[in-house]
Amino acid sequence: MIKILAACGAGVNSSHQIKDALEKEMKARGYNVSCDAVMIKDITEGMLAHYDIFAQIAKTDLGFEVKIPVVDAGPILYRMPAMAKPVYDAVEKVIKDNGLS
Amino acid sequence: MAQEDKLFYPDTVYVSEARTQNEVFAEVSKDLLAKGLVKDAFLENIMEREAGYPTGMNMAPLSDRLPNFAVPHTEVEFVNTCRLVPVRLLRPVTWHDMISPDDSFDVSFLFMILNDDAEAQVGILARIMDFVNASGVDAMVDFFNLDDPKSIYDYLVGHFPQRAE
């Protein structure tokens, strides 16, 4: 199971949209993905250690070094296939490059 | 198109002459609080949330004719209901970009999301974008220029998608 963390300011709406989109598309591409949606302020270094990929909406300073791959997932919010595809491709590249499964 | 779940209510559609973000938040929050739809700390939280994590949606990637809008919202604990609150800004107000927070632009419309259940209505933002994308540029330009609450309400009830695609 590949674990992705999505986050936004309120932990609702934006991050949930990222979560739903990533789970649906990555499943369609044949990957076993689970994505959680949280508030940015709740993210800790310990929490991130349990995930394989951090899908951020905007560039985010968490106050500590993020040691897992980060993907800018904001364009997914536009709900336009042409804008979302590069995000999905970036996630898939991280999965392949890191041998995640 | 009828709505299956009611997101819009005629008593919470606003047309504002506010000049700043905080002015429009104060104006709308005061009425929402009086109606019991939000909690006392809603105003403070939505201002804080917007300052830290802005919600402006830059429409330039879709069309340079589409007006920008924003989707301000708070954590669920500051809200007592689930509804979508349209706010037409008669004077464009500067907003920061959700995806590139250092960037800012004028917005002329808000879809303020009141969501008291993170799981029950996770598709509201997706439905806003589906509404914009499916309507076409000409229709959206006309919609974003409506300036009376009843016309805005009627249009949304007639055209807003029942669920995310």
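Atom set for the values below is all heavy atoms of this structure, side chains included, hydrogens, waters and symmetry mates excluded. Order of the sequence lines fixes the chain letters, A, B, ..., with proteins taken first and strands second; residue numbering starts at 1 for each chain.
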Original post:
With the threshold set at 4.0 Å, does a side-chain nitrogen-carboxylate oxygen contact exist between A:K96 and A:E92?
Top reply: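 Yes, charged N to carboxylate O under 4.0 Å.
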Original post:
For B:L62, is it the side chain, the backbone, both, or neither that has a heavy atom closer than 4.5 Å to a heavy atom of chain A?
Top reply: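 The answer is the side chain of B:L62.
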Original post:
With only heavy atoms counted, which part of B:N58 is less than 4.5 Å from chain A, the side chain, the backbone, both or neither?
Top reply: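 Backbone plus side chain of B:N58, per the 4.5 Å heavy-atom cut-off to chain A.
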**OP:** Under 4.5 Å heavy-atom distance to chain B, tell me which part of A:L77 shows up: side chain, backbone, both or neither.
**Re:**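 When you check distances to chain B, atoms from both the backbone and side chain of A:L77 fall under 4.5 Å.
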Original post:
Is chain B contacted by the side chain of A:S14, its backbone, both, or neither, given a heavy-atom distance below 4.5 Å?
Top reply: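 For A:S14, backbone and side chain are both near chain B.
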**OP:** Using a cut-off of 6.0 Å, state whether more than 12 heavy atoms not belonging to B:R19 lie near its atom CZ.
**Re:**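 Atom CZ in B:R19 is not crowded, with 12 or fewer foreign heavy atoms closer than 6.0 Å.
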Original post:
Do B:K39's NZ or CZ and the ring of B:F78 fall within the cation-pi criteria of under 6.0 Å and 45°?
Top reply: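 No.
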Subject >> Criterion salt bridge (Lys or Arg N to Asp or Glu O under 4.0 Å) on B:R88 and B:D148, from CA distance to verdict >> reply: CA-CA 8 Å; B:R88 166 78 159 97; B:D148 77 280; over 6 Å; no
